[in-house]
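Shown below is the structure under consideration.
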Amino acid sequence: MEESLGLYAYIKNQFGEKDVDVRTYSPLTLAFIGDGVFDLIVRAYVVGRGNRPAHILHNEKSRIVKAASQARMAELLHDSLTSKEQEIYRRGKNAKPANTAKNATLTDYHKATGLEALCGYLFMTGQTARLIELIRRGMELTGQA
């Protein structure tokens with residue numbers, strides 16, 4: 001039977017990339033990949049709710065992915081995170097990004113960056129089930145699922 005790889009491991013394998021210790025990545029690098037992963041998971045959720053015009057799908061996705069929503073999710077999920085997850089979140093939240101969101105407070109932007117760093121870490125370490133569990137729970141807690 002073929003061994004199942006996480007998506008990130010599969011991508012690295014297909015492109016012939018070497019393994020790198022995820023702990024060596026900066027929190028902003030983790031947030032960079034986490035932003036895309038979070039967006040993809042939310043897009044899949046939105047599309048899974050039914051075939052609708054693209055602008056409606058975009059609006060629904062944007063409501064969930066915006067910094068203020070991510071910040072609220074992070075606040076509500078914080079106590080259910082493991083100590084390692086809290087550490088990754090804190091490092092991401094405390095990182096000094098070069099720019100900020102147009103429509104978010106600096107506090108919300110930092111919390112959202114922390115959540116995205118956590119998403120990136122979970123994705124890169126193959127913890128897909130935990131990643132999706134946290135996003136689903138965050139959406140439930142914020143009334144977006």
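When reading the values below, keep in mind they use all heavy atoms of this one structure, side chains included, and skip hydrogens, waters and symmetry mates. Model, not experiment: these values are computed from the prediction. Counting from 1, the numbers follow the sequence of the chain as shown.
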message: Within the structure provided, determine whether Ile64 and Met139 are in side-chain contact (heavy-atom separation under 4.5 Å).
response: yes
- prompt: Looking at Leu30 and Ile33, what are the two nearest heavy atoms and their distance?
  reply: O-CG2, 3.3 Å
query: Heavy atoms, side chains only, cut-off 4.5 Å: are Leu134 and Glu85 in contact?
result: yes
- prompt: Mind checking whether Phe32 and Ile11 sit in one hydrophobic cluster, side chains of I, L, V, M, F, W, Y counted as touching below 4.5 Å?
  reply: no
- request: Taking the side chain as every heavy atom from C-beta outward, state whether Tyr45 and Lys61 have any atom pair closer than 4.5 Å.
  value: no
- prompt: Say you draw a straight line from OH of Tyr109 to CG of Asn103; how long is it, rounded to the nearest 0.5 Å?
  reply: 12.5 Å
query: Heavy-atom distance under 4.5 Å between the side chains of Asn94 and His110, does that happen here?
result: no
- prompt: Counting heavy atoms not belonging to Asp21, are there more than 12 under 6.0 Å from its CG?
  reply: yes
task: Apply the test side-chain contact (heavy atoms from CB on, under 4.5 Å) to residues Tyr25 and Val20: give CA-CA distance (whole Å), side-chain angles for both, the deciding distance (0.1 Å), then the verdict.
output: CA-CA 9 Å; Tyr25 282 96; Val20 178; 3.8 Å; yes
- request: Could you name each residue pair satisfying ring pair (Phe, Tyr, Trp, His ring centres under 6.0 Å) that touches residues 49-95, not counting sequence neighbours?
  value: His78-Tyr89
query: So which heavy atom on Pro97 is nearest to which on Leu28, and how close?
result: CA-CD1, 3.9 Å
- prompt: Atom OG of Ser62 and atom CG of Asp39: how far apart are they, to the nearest 0.5 Å?
  reply: 8.0 Å
query: Are Phe38 and Leu7 co-members of a hydrophobic cluster defined by side-chain heavy atoms under 4.5 Å apart?
result: yes
- request: Please lay out, stage by stage, how Glu87 and Arg90 fare under the test salt bridge (Lys or Arg N to Asp or Glu O under 4.0 Å).
  value: CA-CA 5 Å; Glu87 174 193 339; Arg90 181 188 50 74; 5.1 Å; no
Exercise: identify the closest heavy-atom pair between Thr82 and Arg130: N-NH2, 4.2 Å
field: Atom of Gln70, atom of Val65 and distance for their closest heavy-atom approach
entry: CD-O, 3.3 Å
query: Looking at Arg137 and Glu140, does any basic side-chain N land under 4.0 Å from a carboxylate oxygen?
result: yes
- request: Using the test side chain to side chain contact (heavy atoms under 4.5 Å, CB included), find all partners of Ile41 that sit at least two apart in sequence or belong to another chain.
  value: Val37, Leu131, Ile132, Ile135
- request: Could you tell me which non-hydrogen atom of Ser69 sits nearest to which non-hydrogen atom of Arg63, and how far apart they are?
  value: OG-O, 2.8 Å
message: When you compare the side chain of Asp19 with that of Lys12, does any pair of heavy atoms fall below 4.5 Å?
response: yes
message: Quick one: does any side-chain atom of Thr142 pair with a main-chain N or O of Met73 as donor and acceptor, under 3.5 Å?
response: no
field: CZ-OH distance between Phe15 and Tyr10, expressed to the nearest 0.5 angstrom
entry: 10.0 Å
message: Nearest 0.5 Å, please: how far is CG in Leu122 from CD1 in Ile88?
response: 8.5 Å
Test item: Arg72 and Lys111 side chains (from C-beta on) under 4.5 Å apart, heavy atoms: no
message: Restricting to side chain to side chain contact (heavy atoms under 4.5 Å, CB included), what partner residues turn up for Arg52, sequence neighbours left out?
response: Val46, Arg49, Ile56, Leu57, Glu60
- prompt: Could you give the distance from CZ (Arg136) to CG (Leu141), rounded to the nearest 0.5 Å?
  reply: 9.0 Å
message: With heavy-atom distances below 4.5 Å as the criterion, would you say the side chains of Lys93 and Pro27 are in contact?
response: no
query: Would you say the side chain of Leu81 lies within less than 4.5 Å of the side chain of Leu118, judging by non-hydrogen atoms?
result: yes
